[in-house]
Amino acid sequence: MLSLTDALALYVGAIFFFILALRYMNDVRTARWGGRSAALGMAIGIAATLLAYEIQQIDLLLGALLVGFVVGTPIALRVPTTALPQRTAVSQAFGSLAVALVGAAEYYDYAPNVNRFTMSVLSAEMILGFLTFAGSCIAFAKLQELIPGRPFVYPGKNFVSILFLAAAGVMGAVLVAEPSYSSVLPVMAVLALIFGFLLVMGIGGADMPTVIAILNSYTGMSAAALGFVLNNKLLIVAGSLDGSSGFVLAVIMSQAMNRSFTNVLFGGVGQKIVKGPGAEQKAEARPVKSFTVDDVATVLDNAKTVVIVPGYGMAVAQAQHTVKEVSDILQERGIDVKFGIHPVAGRMPGHMNVLLAEANVPYDQLWEMDKINPLFPETDVAIVVGANDVTNPAARTNPSSPLYGMPIMNVDKAKTVIFVKRSMNPGFSGAENELFYLPNTWMVFGDAKKVLSDLVAALKKT
Ligand code: NAP
């Protein structure tokens with residue numbers, strides 16, 4: 001057995017590793033150490049708790065650990081990187097449900113002898129926990145395409161949602177005023193669940209990663225609140241770190257998309273296609289030029305500098321390994337090849353970094369948007385692989401575009417732009433991309449993996 005003072009010292013050690021993990025995760029080179037550091041902190045925290053407190057039913061605890069291990073290990077090993085957002089949604093759903101249920105158990109253990117401060121903290125954390133659970137389940141279902149991803153919108157949607165949240169808040173206040181009304185707790189839980197359900201149903205599938213970051217910060221806040229009730233300092237600090245980092249991540253994502261939080265949560269983006277300024281002209285009046293793979297190989301033969309800009313389509317096609325093959329062949333020919341990474345390319349933060357790291361693209365070949373943008377005017381060929389919104393010049397020029405104001409990759413400034421995608425369809429924002437029609441742009445239609453495999457074959461021939 002450990003004394004509580006020793007356990008506290010170990011908690012400080014665990015907190016140190018949690019903070020170190022956040023620091024490491026700031027950079028792709030050290031991100032793996034971030035995961036290890038967080039796991040070590042968690043192991044220390046669990047061990048200190050088990051050794052310092054009298055565990056009444058160790059069999060239940062070991063059973064839960066075993067179930068967690070058996071279910072979690074294959075998930076961690078088998079889930080593809082493209083499915084990481086929904087995997088995060090599932091673990092978050094379980095985390096928030098656990099926090100809400102521990103809060104409920106705490107209430108039923110002590111009711112009606114719960115003081116007002118404790119009851120207000122418990123009510124707030126249970127509301128946050130239950131709404132996050134429902135919201136995370138819907139986020140998972142949308143990302144996994146179990147339900148349609150488009151936002152479920154109806155007149156007065158936001159008003160109805162807020163009404164449920166307010167009603168849950170009133171139930172919480174009733175419990176604070178009269179903790180003996182134990183039947184109010186399930187009503188409060190159901191109202192919070194309905195609010196979480198309605199909130200996330202009203203958001204488009206592609207906004208789910210931002211929603212997950214916001215819900216993640218709610219889980220952290222409810223865990224920190226529970227830490228006050230249980231008088232557990234580790235839970236307070238870990239919950240606060242989780243809450244604030246989730247919040248900061250959501251802010252960064254919203255800023256990179258040039259959207260406000262309210263627009264993400266209540267805007268219902270993703271329902272309609274927004275045309276560019278010349279779109280009212282007939283299709284034949286706005287011709288696009290297309291290249292065959294052999295044409296691309298010839299253009300690349302004469303290039304000295306190439307920038308590859310990957311996007312969501314590369315993830316869908318799982319073309320990261322083929323992209324790397326193209327890059328290797330070009331580099332062997334003395335061509336300077338860089339990858340330009342937009343902060344919100346794909347559907348989750350770091351999506352492109354994860355995929356390219358999986359394909360062993362060296363980190364020093366990855367260039368962030370601010371660093372690569374000044375280089376485009378001197379770039380011979382920009383190859384856009386399944387990216388769309390993050391290259392759309394309407395973000396700079398068309399105030400009526402939903403992308404207006406979003407920082408983009410300035411690929412249109414390159415001497416030649418090769419655009420690999422399957423059709424003329426827009427990307428996530430629904431905005432038509434003016435880049436398709438520029439004189440220096442050549443479309444190569446097809447699945448990214450197929451087009452790039454053919455390009456590898458064509459390059460090997462030349
Ligand atoms: P995008 O604008 O969604 O465009 C992706 C393009 O990939 C589509 O136009 C699609 O065109 C093409 N594509 C799909 N499957 C393909 C395949 N198999 N082969 C070739 N092309 C394929 O993607 P993005 O440029 O990466 O921009 C990301 C968008 O998501 C931004 O609007 C961003 O704000 C939003 N978002 C990002 C995050 C994040 O954290 N990264 C979070 C939420 C929202 P075709 O159908 O014609 O092939």
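Numbering of ligands and ligand atoms starts at 1, following listing order.
Each of Ala206, Pro209, Thr210, Met253, Met257, Gly311, Tyr312, Gly313, Val316, Ala317, Val344, Ala345, Gly346, Arg347, Met348, Pro349, Gly386, Ala387, Asn388, Asp389, Val390, Lys421, Arg422, Ser423, Asn425, Pro426, Gly427, Phe428, Gly446, Asp447, Ala448 has a non-hydrogen atom positioned under 4.0 Å from some atom of ligand 1.
Within 6.0 Å of CZ in Arg32 there are 12 or fewer heavy atoms belonging to other residues, nucleotides or ligands. No more than 12 heavy atoms of other residues, nucleotides or ligands sit less than 6.0 Å from atom CZ of Phe69. The local environment of OH in Tyr24 is sparse, with at most 12 non-hydrogen atoms from other residues, nucleotides or ligands closer than 6.0 Å. Within 6.0 Å of CZ in Arg333 there are more than 12 heavy atoms belonging to other residues, nucleotides or ligands.
The salt bridge (charged side-chain N to carboxylate O under 4.0 Å, His left out) analysis of residues 360-386, with sequence neighbours excluded, yields the pairs Asp380-Lys415.
Defined by atom type and a distance below 3.5 Å, a donor-acceptor pair is missing between the side-chain atoms of Asp412 and Asn440.
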